[in-house]
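Read the structure below first, then the notes.
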Protein chains: 2
Amino acid sequence: MPKLGAEPIRRAALVKATIETVGDAGSLDVTVAQIARRAGMSSALAHHYFGSKEQIFLAAMRSILTLYGAEVRGALATARNPRERVRAVVIGSFAAGSFRGEAISAWLNFYVLAQSSDAARRLLGVYQSRLRSNLLCGLRPIIGACAETVAEGLGALIDGVYIRAALAGGMLDRQHACNMVLAHLEKELEG
Amino acid sequence: MPKLGAEPIRRAALVKATIETVGDAGSLDVTVAQIARRAGMSSALAHHYFGSKEQIFLAAMRSILTLYGAEVRGALATARNPRERVRAVVIGSFAAGSFRGEAISAWLNFYVLAQSSDAARRLLGVYQSRLRSNLLCGLRPIIGACAETVAEGLGALIDGVYIRAALAGGMLDRQHACNMVLAHLEKELEG
DNA sequence: ATGTTTATTGACTCGTCAATCAACAACCGC
DNA sequence: GCGGTTGTTGATTGACGAGTCAATAAACAT
């Protein structure tokens, strides 16, 4: 029962199913058939739209990164001064859409994928650069030269909290995680 | 050409080869044959000694965790007061034996494995508990009730720095990484 | 010498999975 | 209603990899 204009719907369904499946399995070791079944179609169709398994993964990764970027930009929109801008980046990083069990698990797995896939590494590089420049842009007016160091620490801490959340399996509270990073930020801004 | 008493040598060689192979590939998606070849034997022999691929991975993980534990204990031995004890735990965590490209990469991959394997999760749980209690033991005499929070932050930061190092692919300087965490510690102890 | 244990492998089985293909079904413009 | 486009799948292919096994060889025990 083919409907026209199915391509974007199918692609979106596959991306969603990929994130869910990877999140459930806690591993990239999932089959195209599993993903396709979850998305309500045959594996052949998944190949038809994406060409290969790696392309499916990359599309899923792009989707996660896009959502994340949107959430940071959203938080950033309400910031009225440098300090609020830095806080917004942190808060955006822990927004409900990104800080979700399956998304976190997928995130961790994509980190691993970035170790063996050039395309994935590039993608992750884009995210890290953007995070860094977002942080620096708010930090520099406040602390000038030290901004680089503080941004590095904040980035690492955010990553670390994410990882721990992945292992805790959704047990870790979002607000608490966010506050931890914000507290660290305050400490850094005091000195 | 069979020599007697080969078992411990073979096991050690396989563990070493596993860490190297996983580190090189940046993924757990390596074959037993690859590992065995690197260790200079047939894949059948690897199965003979370990029974299954998962057991090989777990043995490799145990080896990494043991080395890590030894290094922390070594650093801890020279500490004369609580503050030095906390610093020692951090310094031990960035000792040369553990903070090595392939070990870090393997570490990251084992984090992923812990998401799908109970045995791996248990193992990682042991490490996290030990790290936590090591930190708390030094922190409590200094800051009392806040120790839990600070320990949590330190743990997350250490993990985060490791992850970043995995992606940087050995580019990240060990001393620098360690200093970053130590600086964070100092800031926390001031407040 | 002979039997037992340990070491070791090449060849094989069996399952799995990415990717392809041939065919079929609905919709469109005309 | 017909040719082309788009959507969809079951079946198939081809490769690869974990785990098993039978067979071989050295060391050791008696």
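Just the heavy atoms: all of them, side chains too, but no hydrogens, waters or symmetry mates, feed the values below. In what follows, every chain begins at residue 1, and chains take the letters A, B, ... in the order their sequences are listed.
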Can you tell me which nucleotide in [options] comes closest to the side chain of [X]?
{"X": "Ser42(A)", "options": "dT8(C), dG10(D), dA19(C)", "result": "dG10(D)"}
{"X": "Thr31(A)", "options": "dA7(C), dC17(C), dT9(D)", "result": "dC17(C)"}
{"X": "Met41(B)", "options": "dT9(C), dA18(D), dT9(D)", "result": "dT9(C)"}
{"X": "Ala44(B)", "options": "dT8(C), dT9(D), dT20(D)", "result": "dT20(D)"}
{"X": "Val32(B)", "options": "dA18(D), dA19(C), dT8(C)", "result": "dA18(D)"}

Over how many whole Å does the gap from [X] atom [atom1] to [N] atom [atom2] extend?
{"X": "Arg10(A)", "N": "dT6(D)", "atom1": "CZ", "atom2": "P", "value": "16 Å"}
{"X": "Leu14(B)", "N": "dT8(C)", "atom1": "CG", "atom2": "P", "value": "11 Å"}
{"X": "Lys53(B)", "N": "dA18(D)", "atom1": "NZ", "atom2": "P", "value": "4 Å"}
{"X": "Phe50(A)", "N": "dA18(C)", "atom1": "CZ", "atom2": "C1'", "value": "16 Å"}
{"X": "Gln55(B)", "N": "dG19(D)", "atom1": "CD", "atom2": "C1'", "value": "14 Å"}
{"X": "Asp29(A)", "N": "dC17(C)", "atom1": "CG", "atom2": "P", "value": "8 Å"}
{"X": "Phe57(B)", "N": "dG19(D)", "atom1": "CZ", "atom2": "P", "value": "10 Å"}
{"X": "Ile9(A)", "N": "dG7(D)", "atom1": "CD1", "atom2": "C1'", "value": "12 Å"}

Test Glu186(A) against Arg83(A) for salt bridge (charged side-chain N to carboxylate O under 4.0 Å, His left out), laying out the working first.
CA-CA 10 Å; Glu186(A) 298 302 330; Arg83(A) 192 196 187 89; 2.4 Å; yes
Within the 6.0 Å centroid threshold, strictly below: Phe99(B) and Trp107(B):
no
Of all heavy-atom pairs between Ala120(A) and Leu113(A), which one has the smallest distance, and what is that distance?
CB-CG, 3.9 Å
With heavy atoms under 4.0 Å as the rule, sort Tyr49(A) into base, sugar-phosphate or nothing.
sugar-phosphate
Within the structure shown, what part of the strands sits under 4.0 Å from Ser43(A) by heavy-atom distance: base, sugar-phosphate, or nothing?
nothing
With a 4.0 Å limit, can you tell me whether His47(A) has a side-chain N or O closer than that to the phosphate oxygens OP1/OP2 of dA19(C)?
yes
Working note: Ser98(B) + Glu71(B), criterion side-chain hydrogen bond (donor to acceptor under 3.5 Å, both in side chains); need CA distance, chi angles, decisive distance, verdict.
CA-CA 8 Å; Ser98(B) 294; Glu71(B) 282 180 315; 2.8 Å; yes
Gln115(A) side chain to Ser27(B) side chain, donor-acceptor N/O pair below 3.5 angstrom
no
